[in-house]
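Right, one structure below, let's go through it.
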Amino acid sequence: MSGLAVVGAVRDGETVGLRCVGGVVAAIGPGVVPEPGDETIDAGGMPIVPALVNGHTHAAMTLFRGYGGDLPLMRWLREKIWPAEAKLEAEDVYWGARLACAEMIRAGAARFWDMYWQPEATARAVEDAGMRATIGGPLFDADGGTAEVKAQANEDLAALQDRGPAIGAALAPHSIYAVSEELLRWASEQAAERDIAFHIHLSETEQEVEDCVKTHGVRPAAYLDRLDLLGERAVLAHGVWLDEEELELIAARGATVVTNPVANLKLAVGGVFPYPAARDAGVSVGLGTDGAGSNDSLDLLSDLKAFALIQRHASGDPTVLPAAEALEVASGARAPLLGGGAGSLTVGAPADFLLLRGNSPELGIGDLASGLVYAASGSVVDTTVVAGRVLMRGGQVEGSEEIVARAAERARRLGIG
Ligand SMILES: [Zn+2]
């Protein structure tokens, strides 16, 4: 069976070839050469590394980039985002998500975890872009309407499930403060029944923790556990204020935490996700950008630097997070659920990988992992391959100009820009 072959790539200082067939790595090593019928890429000495996994975002919010970004959170939501979102059409979400996909491919992500309205439109955008994503429409019943929210979620899930290997469906209750206990319990049952993931914002602000303790008598992770929501299918975005007891509980239950350091800094949440304690407790951890409305970049390599810096700074210990370990967090290697087996280029792993500009100013000298974390941004990515398909070559994502133009048109329709 023919596939895609890469020759002349460099891994750990050694020249290697790689073949992928049927979307997975079929062979990798010094002696691997193309077989008849293979599409072949000559890497010309470029380093080959696993692609990245963006563990938490709201892809179509590229439409709201820079819109009211200097307002405090609640004013930003009430005065800017929610009124604009009330006018959203599927085509807005589609082009916003296409723009997000183009940015993520350019910066080396192969897959992402998304929470946004009209999730079927995001799924179409992901398929057309050639990426992979686990997608959920946000559940939100702070203003009532629980029955309608459930009906909409059933509709969304029907449109997301059984679309093929590129798209995973998820239940995505927005947060413990925007979703009733009844709806959280329902989401828990649905996720188990359908055997799909569960994606929620948790412990993002100190206020959320205080309110949770006041209302439910326990901190956020214990509250989720009480609702049977803290199992292996749970992805918890943020986790800034998790304490050690909560981290032990999350580790014991097998849930995953996704840290979003740049969004946390921009929204001034006032704390830092306790990564060293999470790692030591055995928690699976991934890295996310969050949406372009609150980051505003989807360049995970840039956020990787922020992640490493903030952890070193907060702990007062420059040895707390080695560069190679930080890179593993960004490639999903430390969170099996997020990456679906990605994160290492071994036979049978998803054929999601990058060829890097090894002779660029940022990567030309010194240790590759250190260069990627501290010197590089997404601009060092030359080639992005997802499921054995070349989505970018030479740093150019095909169709980018049209995608930017169409997304800008949709943003103007919503009254932005
Ligand atoms: Zn978010």
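Atoms within a ligand are numbered from 1 in the order they appear, just like the ligands themselves. The first residue of the sequence shown is numbered 1, and numbering continues consecutively from there. In what follows, every heavy atom counts, from backbone to side chain, and hydrogens, waters and symmetry copies are set aside.
Under the ring-ring contact (aromatic ring centres under 6.0 Å, His included) criterion, Y275 pairs with F307, not counting sequence neighbours. Legend: residues meeting side chain to side chain contact (heavy atoms under 4.5 Å, CB included) with A335, ordered by chain and number and at least two apart, are T256, S284, L338. Not counting sequence neighbours, the partners of Q190 by the side chain to side chain contact (heavy atoms under 4.5 Å, CB included) test are N154, L171, W186, E193, R194.
A salt bridge is absent between R219 and E245; no separation between the charged side-chain nitrogens and carboxylate oxygens falls under 4.0 Å.
For the Zn ion (ligand 1), the nearby protein N/O/S atoms, meaning those under 2.8 Å, are H56 NE2, H58 NE2, H201 NE2, D290 OD1.
Ring pair H201/H56 is perpendicular by interplanar angle, where above 60° counts as perpendicular and below 30° as parallel.
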**Request:** Let me see the working for E39 and R389 under salt bridge (charged side-chain N to carboxylate O under 4.0 Å, His left out), right down to the final yes or no.
**Result:** CA-CA 10 Å; E39 176 191 352; R389 257 183 74 197; over 6 Å; no

